[in-house]
Amino acid sequence: MLIKRKRGWELPESQATPESVFRQRRRLIAGLAAGPILLGAGALLAGRGASPAAAEEADPSAKLYPAKQNMRYRLDRPVTGEELATTYNNYYEFGSSKNIWREAQDLPIRPWTVSIKGMVEKPFEIAIDDLLAKMPLEERLYRHRCVEAWSMAVPWSGFALARLVELAKPLSAAKYLKMVTLEDSDVMPGQRAGWYPWPYTEGLTIAEATNELAFIATGLYGKPIPRQNGAPLRLATPWKYGFKSVKSIVSFEFTDQRPQTFWEEIQPAEYGFWANVNPKVPHPRWSQASERVLGTDERVPTQLFNGYADYVADLYKGMEGEKLYM
Amino acid sequence: MIDFPWNDRAGRFSTVRGAAFALALAPACWLAFEAATGGLGAKPLTEATHQTGLWTIRLLLVTLALTPLRRITGWNRCIVARRLLGLSVFAYAVGHLALYVADQGWDLGQAASEIALRFYLTVGFVALVGLALLAATSTDAAIRRLGRRWQQLHRTVYALAALGVLHFFLQSKIDASEATLMMGFWLLLMGWRAAQRAGAPLGAPRTLTVVALAAGLATAGLEALWYGLATGIPWRLVLAANLTLTPWPRPAWWVLGAGLAAALLPLARARLGRRPLSVSPSRA
Ligand code: HEM
């Protein structure tokens, strides 16, 4: 007899949002957004030139989406409205407000070169569109848990980070993968604040980076990923707090030194290297026991490893001495 | 006769009180408008908590600025707005707390335990209790009854403002620019008070210039100290950022600017032909 063990991401078929409803919701949201945009935002759009929609059309990777959904990664809650997920963002390179999606449209995403370097057989650089052509693109539904006790459920498109690690051919001595955001203070005004350790740096162990959940997102809601969400490629590690998911990556460096990450460096008392979600370990200033689901009146209980313990708990066996949850 | 907030004691419309009433009400109206039209974004309760917190501290500092403004400009009538503005500060603080509790799903036990557990919330709570005490003793009857002790009690408002600023610093994720700015304005107010106490005439541009420079320098120094003690950001870099005006001038410059602008006010008074205010030791 086949015994089927229920795993973290699975749910009765009846609870999943049917595709048609999901697409319909998107149209509804687009419709709702159209009114205020036409009425109120005319001046803003006129002032800023290109609208996000126009920028999207120019994206050469647009034809790659929507990617085929990988049914292994489904969710126990409805997908967050696209409007919310693309207008409520942290992107300190553009400013510390959550409302920076408009400013982020200044980010130039072509040409975009990704460099693979450090402890690899042969370092190389690759243009984003060449990389996309090499990688098997798919869509996954992931929960996203911000350290600030809010969450959303998003359809990322992209490829497993493990595929990129394969392509890079790291040496066996490499222990960590360090990922870095673009540094260009001409277009990113936040980077002119010179007391921050730019560029934004994040890191994973090689074991974490090759875990099946670690994902490089290049698309969102069946389209190329918007700039404010980290175009043209960003990390998604759904069992960790959102700040681990570095945006607009320009380099993947393999190293035997644990990278000093951006938030760990500027606020070591509150944010660490591991940043695994754990409802029992509070942030110094708030409880992590529950989370506000964006776009709802609900607070739901937070789950260990954000509900992905079945995939990742083994990664941390024997590491109890580390600050795994901050 | 209804005692409208915009009327003076004789029941006539007062422009100063009318303007103060409009100032106190405008942020709440804007917030209500944004809430109704979805302008508060993905986390409306959090956004509203932040906006009410900001207006609590801003209006508190505006309220505290009235007495020195009166001494600097000789414009005595501005003081009629003080109680109205002070009470609006309390109203925003209560709204701020209510929104926080709403964000906790109206779970009072959870809210209370968070307030007890998280130092920044405890600080905010102490400030709020203090503001409640001051609001409760703001009636004419209470002022009469308490006599001299009323003065002593209401002088704690400076300490409560300092607690509000501390709460602002403590809640910041990393960027404490606006908290620094509020601290700078508080320092400016304290500087004016200290100058007054030391017998320096507040109507003199020279006094005001000295206070402006001192408050500006102290703001820059304390900002660097905050980053040095409370974050991993090197304090030297924060201090040095005051020397470059990019990406925008640091709070110390805005504090200096505000202080120097105040130093120009007595000159405007001279041009308007008003006689300088005689320096009286009594506190209004
Ligand atoms: C029981 C009393 C209070 C509670 C529970 C409370 C709660 C909060 C919370 C939850 C935040 C947001 C923190 C975050 O997002 O991490 C906040 C921010 C703030 N609060 Fe309070 N607070 C209280 C009293 C006060 C008082 C009395 C003042 C002013 C005198 C004040 C001024 C502020 C300011 C200025 C902010 C920052 C807003 C921003 O930067 O957007 N709070 N408070």
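Numbers restart at 1 for each chain; the letters A, B, ... are given by sequence-line order, proteins then strands.
No more than 12 heavy atoms of other residues, nucleotides or ligands lie within 6.0 Å of CZ in B:F125, so this atom counts as exposed by the packing criterion. Around atom CH2 of A:W150, more than 12 heavy atoms belonging to other residues, nucleotides or ligands sit under 6.0 Å away.
Neither the backbone nor the side chain of B:A240 comes within contact range of chain A; no heavy atom of the residue lies under 4.5 Å from a heavy atom of that chain. Heavy atoms of A:N89 lying under 4.5 Å from chain B are absent altogether. If you measure heavy-atom distances from B:S172 to chain A, the contacts under 4.5 Å come from the backbone alone. Only the backbone of B:A102 has a heavy atom closer than 4.5 Å to any heavy atom of chain A.
Most heavy-atom pairs under 4.5 Å with chain B: of the set A:E270, A:E265, A:E148, this distinction falls to A:E148. Counting heavy-atom pairs closer than 4.5 Å to chain A, the top residue among B:L237, B:I233, B:V238 is B:I233. In terms of non-hydrogen atom pairs under 4.5 Å with chain B, the most contact-rich of A:A193, A:G295, A:A269 is A:A193. No other option in B:L170, B:L117, B:L121 has as many heavy-atom pairs under 4.5 Å with chain A as B:L170. Counting heavy-atom pairs under 4.5 Å between each of B:R236, B:Q171, B:K173 and chain A puts B:K173 at the top.
Closest heavy-atom contact between B:A230 and A:Q267: O-NE2, 3.0 Å.
For residues 283-291 of chain A, the interface with chain B (any heavy-atom pair closer than 4.5 Å) comprises A:H283, A:P284, A:R285, A:W286, A:S287, sorted by residue number. Residues of residues 37-54 of chain B placed with any heavy atom under 4.5 Å of a heavy atom in chain A are listed by number as B:A42, B:K43, B:L45.
Of the possible polar contacts, one joining the A:R292 side chain to the B:D103 backbone as a donor-acceptor pair under 3.5 Å is found.
Inter-residue side-chain proximity for A:W195 and B:T231 is flagged as unmet; no heavy-atom pair is nearer than 4.5 Å.
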